[in-house]
There are 2 protein chains.
Amino acid sequence: MNKRAFKDSVYGELAKVTKAMSNPHRLEIIDLLAQGPFSVEDIANNTGMPIANASQHLQHLKAAKLVRITRNGNFMLYSLAGENVYQAWASLRELGMVYNNAVEKVVTDFRKGYGEMETVDIDTLAKLIEQNEVILLDVRPQEEYNRGHIHHAMSIPIATLEQQLKQLPKNKTFIAYCRGPFCVYADEAVALLHREGFQAKRMDGGFPDWMLKGLPITRVDKI
Amino acid sequence: MNKRAFKDSVYGELAKVTKAMSNPHRLEIIDLLAQGPFSVEDIANNTGMPIANASQHLQHLKAAKLVRITRNGNFMLYSLAGENVYQAWASLRELGMVYNNAVEKVVTDFRKGYGEMETVDIDTLAKLIEQNEVILLDVRPQEEYNRGHIHHAMSIPIATLEQQLKQLPKNKTFIAYCRGPFCVYADEAVALLHREGFQAKRMDGGFPDWMLKGLPITRVDKI
DNA sequence: AAACTATTCAATAAACTCATTGAATAGATT
DNA sequence: AATCTATTCAATGAGTTTATTGAATAGTTT
């Protein structure tokens with residue numbers, strides 16, 4: 001093999017990975033799977049696409065070895081092939097946010113719809129939790145909390161927050177987090193809490209970003 | 001804007017970045033530009049493609065804001081838009097090497113053509129240099145050395161190594177480095193040195209990987 | 001101002017990618 | 001063994017992406 005053939009082959013193989021990531025739906029799937037394993041149907045529902053399409057995109061991701069499959073009864077459970085996959089996606093997301101201000105503009109504009117709100121970055125939050133200064137709310141669906149959540153966080157899925165308001169102390173500060181920077185469950189939670197007179201902020205990034213930093217987590221399910 | 005429109009828009013924007021990276025030639029260009037600015041012609045020559053194609057691919061990269069342009073006389077100089085770009089590419093490269101063993105196989109197989117050789121990882125090397133244990137050879141073309149090289153490295157472009165052999169001490173260990181893990185200048189250098197009875201190893205990764213770690217570098221050119 | 005030169009543009013055809021169907025499959029449950 | 005169910009497959013057409021040309025352009029140099 002000559003040098004050119006070698007390079008064609010190396011960059012060709014690597015392009016298979018980037019090609020697998022070069023589609024909006026597949027990026028959304030990767031972002032979702034960072035929470036843990038999901039069935040094809042759940043993936044389709046969460047991303048608003050037909051099941052056949054979701055399946056097709058998952059085949060792409062599988063071919064590029066970005067996802068893994070296990071079976072659970074009738075369901076095929078897809079999950080990320082490893083931490084590196086989220087790492088790479090986070091890197092790309094970062095890149096997109098920094099140099100392409102279109103992304104950042106869309107995000108900040110949309111967030112404004114939930115009213116002004118403070119955010120807390122992950123490292124600061126880690127200290128606040130140690131000092132018992134805040135109450136941490138995981139507002140993702142219950143199953144995602146069960147698969148893994150920030151140490152000391154309490155699970156209040158956004159859908160149930162309204163009913164649970166009365167049990168929350170009025171004199172504490174709440175920090176809400178969810179799936180990631182493009183998930184708005186935490187924004188919805190903070191907006192609702194504000195309306196009801198609570199002190200609340202949103203965590204920057206989501207659970208996978210916390211985990212990537214090696215900060216303490218808890219698991220409930222045994223998977 | 002509703003949630004779905006928001007997500008479509010965010011993931012759509014981010015997919016523009018990944019799409020820009022989803023082509024073998026463009027990956028090779030990014031890898032090359034990690035050494036510094038290059039003209040369209042140089043890029044075309046280094047990657048073995050027609051100038052018009054190189055230009056076309058560069059337009060893609062520019063549209064995704066992955067590269068920047070400056071003019072120098074008649075030449076347009078393209079360079080990476082920032083360190084994040086290399087960061088993301090390194091992340092993807094890592095991902096490709098870990099989960100898709102096709103890439104790693106191609107690389108190790110091709111390297112075998114240069115004979116058995118030891119490699120030294122970047123962190124180990126940093127210590128060896130401090131302790132004055134080795135002589136570090138930058139075997140990239142002279143201009144790339146001038147734009148930036150590892151502190152204390154001497155420039156011996158691979159094309160000139162053979163003539164300079166007589167001036168090299170026989171009782172030292174040489175470490176050669178070049179552009180990156182897919183560049184074989186360093187392998188060629190080590191193979192040649194071995195043939196002539198010198199002790200030599202290759203550095204893992206290339207100059208950009210050293211730089212990404214924030215290790216000490218020197219610049220000669222004022223750009 | 002004319003000539004030059006590096007780069008970009010524009011048009012084309014071939015090769016891919018994607019969404020949309022509806023049928024097929026593999027495995028679990030009855 | 002028959003039924004059920006989640007997922008995959010296969011075929012189609014519309015829309016992109018790419019390599020290949022050769023012409024056009026925008027600056028620089030003379």
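A note on names: the letters A, B, ... follow the listed sequences, proteins ahead of strands, and every chain is numbered from 1. Only heavy atoms go into these numbers, but all of them, side chains included; no hydrogens, no water, no symmetry mates.
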- A:I51 CD1 to C:dC18 P: how many Å, rounded? 20 Å

- Task: Report yes if a side-chain nitrogen or oxygen of B:N23 is closer than 4.0 Å to either non-bridging phosphate oxygen (OP1 or OP2) of D:dT18; otherwise report no.
- Result: yes

- Length of the NZ-P vector between B:K62 and C:dT8, whole Å: 7 Å

- Spacing of B:L77 atom CG relative to C:dT5 atom P, expressed in whole Å: 18 Å

- Picking from D:dT7, C:dC18, C:dT21, which would you name as closest to the side chain of A:A52? C:dT21

- Would you call B:F207 and B:E144 a side-chain contact if the rule is heavy atoms closer than 4.5 Å? no

- Query: Just how far, in rounded Å, is C1' of C:dT8 from CG of B:L58?
  - Reply: 11 Å

- Answer with base, sugar-phosphate or nothing: what part of the nucleic acid does A:K19 contact at a heavy-atom distance below 4.0 Å? sugar-phosphate

- Query: So, A:D209 versus A:Y86: side-chain donor-acceptor pair below 3.5 Å or not?
  - Reply: yes

- Over how many whole Å does the gap from B:F75 atom CZ to C:dT7 atom C1' extend? 11 Å

- Min side-chain heavy-atom separation A:M21-B:M21 under 4.5 Å: no

- Message: Would the distance check show the side chain of B:N84 and the main-chain N or O of B:Q87 forming a donor-acceptor pair, the cut-off being under 3.5 Å?
- Response: no

- Side-chain N or O of B:Y78 less than 4.0 angstrom from OP1 or OP2 on C:dT8? yes

- Rounded distance (Å) that lies between atom C1' of C:dT8 and atom CD1 of B:I69: 10 Å

- Message: Side-chain N or O of A:H25 versus OP1/OP2 of C:dA19: is the shortest distance under 4.0 Å?
- Response: yes

- Value in whole Å for how far the P atom of D:dA19 lies from CG of A:D8: 11 Å

- Query: In terms of side-chain heavy atoms of B:P50, which of C:dC18, D:dT20, D:dT7 is nearest?
  - Reply: D:dT20

- Message: Would you say that A:L92 contacts B:L14 through its side chain, given a criterion of any heavy-atom pair below 4.5 Å between the two side chains?
- Response: no

- Query: Hey, does the side chain of B:N74 come within less than 4.0 Å of C:dC4's phosphate (OP1/OP2), counting only N and O?
  - Reply: no

- Quickly work out the A:N72 CG to C:dG27 P distance and round it to whole Å. 15 Å

- Query: Do B:E28 and A:K3 sit within salt-bridge range, that is, some charged N less than 4.0 Å from a carboxylate O?
  - Reply: no

- Message: Less than 4.0 angstrom between a side-chain N/O of A:R71 and OP1 or OP2 of C:dA26, yes or no?
- Response: no

- Message: Counting only side-chain nitrogens and oxygens, does B:H57 get under 4.0 Å of the OP1 or OP2 atom of D:dA19?
- Response: yes

- Of the candidate nucleotides D:dT8, D:dT18, C:dC18, which contains the atom at the shortest distance from the side chain of A:M76? D:dT8

- Task: Give a yes/no on whether any side-chain N or O of A:Q59 is located under 4.0 angstrom from OP1 or OP2 of D:dT8.
- Result: yes

- Task: Among the candidates C:dT8, D:dT8, D:dT18, find the nucleotide nearest to the side-chain atoms of A:V40.
- Result: D:dT8

- Query: Base, sugar-phosphate, or nothing: which does B:A54 touch, judged by heavy atoms less than 4.0 Å apart?
  - Reply: nothing

